[in-house]
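Okay, structure first, notes after.
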Amino acid sequence: KASLGAAGVFATLEGPVGKKATWLASARQSYLDYILERVDDRPRLALGYRDLTARIVARPRPSQTVSLLGLFGHAAYENTEESPSAHTMESAGAGTGLLLLSWRRASGPLALGATGFLLRETGENRDTDGFERYSSESRQAGFQADAAWRHGAHRLEGGLEARRLREDVLSRRFDPRPEGPRVLEDY
């Protein structure tokens with residue numbers, strides 16, 4: 001399946017992998033910058049995005065499911081003014097990458113599940129003179145497990161979750177005073 005929209009193109013593909021697995025992939029790409037160039041002789045900005053989502057699901061047994069999901073995307077902004085003033089934002093970008101692996105088993109009165117993930121997010125903004133206004137990188141990793149047991153009208157559930165987060169962020173503003181840029185936040 002593919003489609004062409006007002007701001008971008010989109011495609012999805014799917015199919016089997018043997019007798020016990022399936023896959024699906026979907027991608028998008030914008031062409032907003034192309035449209036803006038055609039509408040305006042001298043556009044002041046260019047915008048764009050692209051992303052990919054892919055998933056494979058396997059069922060090794062009727063009571064079990066294993067799944068791997070990947071999501072990757074990037075968005076960008078660019079100031080295309082011919083003569084921008086000093087310290088005007090020139091470019092910005094943001095990106096995301098996610099991997100998610102999960103397993104589920106449901107058989108009789110017992111259901112078990114486990115999920116692990118890795119996530120990375122980035123962002124940056126720069127001025128026309130190369131001054132870095134903002135920069136960030138976040139990384140997370142996590143694991144979650146759960147169990148449920150049914151007996152008649154009763155249900156017992158339990159689980160655990162663990163997550164690790166690392167984040168580096170720098171946010172600055174240009175200050176025309178002699179000492180130059182000031183760090184607003186840095187953590």
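For the single chain, residues carry numbers from 1 onward in sequence order. These numbers were taken from a predicted model, which means no experiment stands behind them.
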task = Please lay out, stage by stage, how Glu167 and Ser136 fare under the test side-chain contact (heavy atoms from CB on, under 4.5 Å).
result = CA-CA 7 Å; Glu167 203 171 40; Ser136 72; over 6 Å; no
query = For Tyr49, does its backbone N or O pair with a side-chain atom of Ser30 as donor and acceptor, under 3.5 Å?
reply =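 Yes: the side chain of Ser30 pairs with the backbone of Tyr49.
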inquiry  = Could you check whether any side-chain N or O of Lys1 sits under 3.5 Å from a backbone N or O of Thr12, counting only pairs where one atom can act as donor and the other as acceptor?
reply    =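 No, the answer is negative, given that no donor and acceptor are paired below the 3.5 Å cut-off.
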key: Phe72 and Leu99: CA distance, side-chain angles, deciding distance, side-chain contact (heavy atoms from CB on, under 4.5 Å) verdict   = CA-CA 9 Å; Phe72 308 94; Leu99 283 174; 3.9 Å; yes
Could you tell me the separation between the [atom1] atom of [X] and the [atom2] atom of [Y], rounded to the nearest 0.5 Å?
{"X": "Met89", "Y": "Thr128", "atom1": "CE", "atom2": "OG1", "result": "11.0 Å"}
{"X": "Arg59", "Y": "Thr65", "atom1": "CZ", "atom2": "OG1", "result": "5.0 Å"}
{"X": "Gln144", "Y": "Thr115", "atom1": "CD", "atom2": "OG1", "result": "5.0 Å"}
{"X": "Leu156", "Y": "Leu110", "atom1": "CG", "atom2": "CG", "result": "10.5 Å"}
{"X": "Arg28", "Y": "Asp51", "atom1": "CZ", "atom2": "CG", "result": "4.0 Å"}
{"X": "Asp168", "Y": "Thr122", "atom1": "CG", "atom2": "OG1", "result": "12.0 Å"}

Heavy-atom closest contact ([X] atom, [Y] atom, distance):
{"X": "Leu13", "Y": "Trp23", "result": "O-CZ3, 3.5 Å"}
{"X": "Phe10", "Y": "Ser26", "result": "CE1-OG, 3.2 Å"}
{"X": "Ser138", "Y": "Leu165", "result": "OG-CD1, 3.7 Å"}
{"X": "Ser63", "Y": "Ser107", "result": "CB-CB, 4.2 Å"}
{"X": "Ala148", "Y": "Arg155", "result": "CB-NH2, 3.4 Å"}
{"X": "Arg104", "Y": "Ala114", "result": "NH1-N, 4.5 Å"}

request  = Walk me through it: do Arg55 and Thr53 pass the test side-chain contact (heavy atoms from CB on, under 4.5 Å)?
outcome  = CA-CA 7 Å; Arg55 183 174 185 180; Thr53 303; 5.9 Å; no
task = Go through the steps for Glu157 and Asp146 under the test side-chain contact (heavy atoms from CB on, under 4.5 Å), then give the verdict.
result = CA-CA 7 Å; Glu157 296 181 355; Asp146 60 77; over 6 Å; no
For [X], all residues meeting salt bridge (charged side-chain N to carboxylate O under 4.0 Å, His left out), sequence neighbours excluded:
{"X": "Glu161", "result": "none"}
{"X": "Arg50", "result": "none"}
{"X": "Arg139", "result": "Glu137"}

inquiry  = With a 4.5 Å cut-off on side-chain heavy-atom distances among I, L, V, M, F, W and Y, is there a chain of contacts connecting Val66 to Val17?
reply    =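 Result: yes, single cluster for both.
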key: Hydrophobic cluster partners of Leu71 (side-chain heavy atoms under 4.5 Å)   =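 Its cluster mates, by chain and number, are Leu69, Leu98, Leu100, Phe117, Leu119.
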query = How is the hydrophobic cluster of Leu160 composed, in terms of its other members, when Ile, Leu, Val, Met, Phe, Trp and Tyr link through side-chain heavy atoms under 4.5 Å apart, directly or indirectly?
reply =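 Traced through the cluster, Leu160 reaches Phe143.
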With His151 via ring pair (Phe, Tyr, Trp, His ring centres under 6.0 Å) - residues at least two apart =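 Result, ring pair (Phe, Tyr, Trp, His ring centres under 6.0 Å) vs His151: Trp149.
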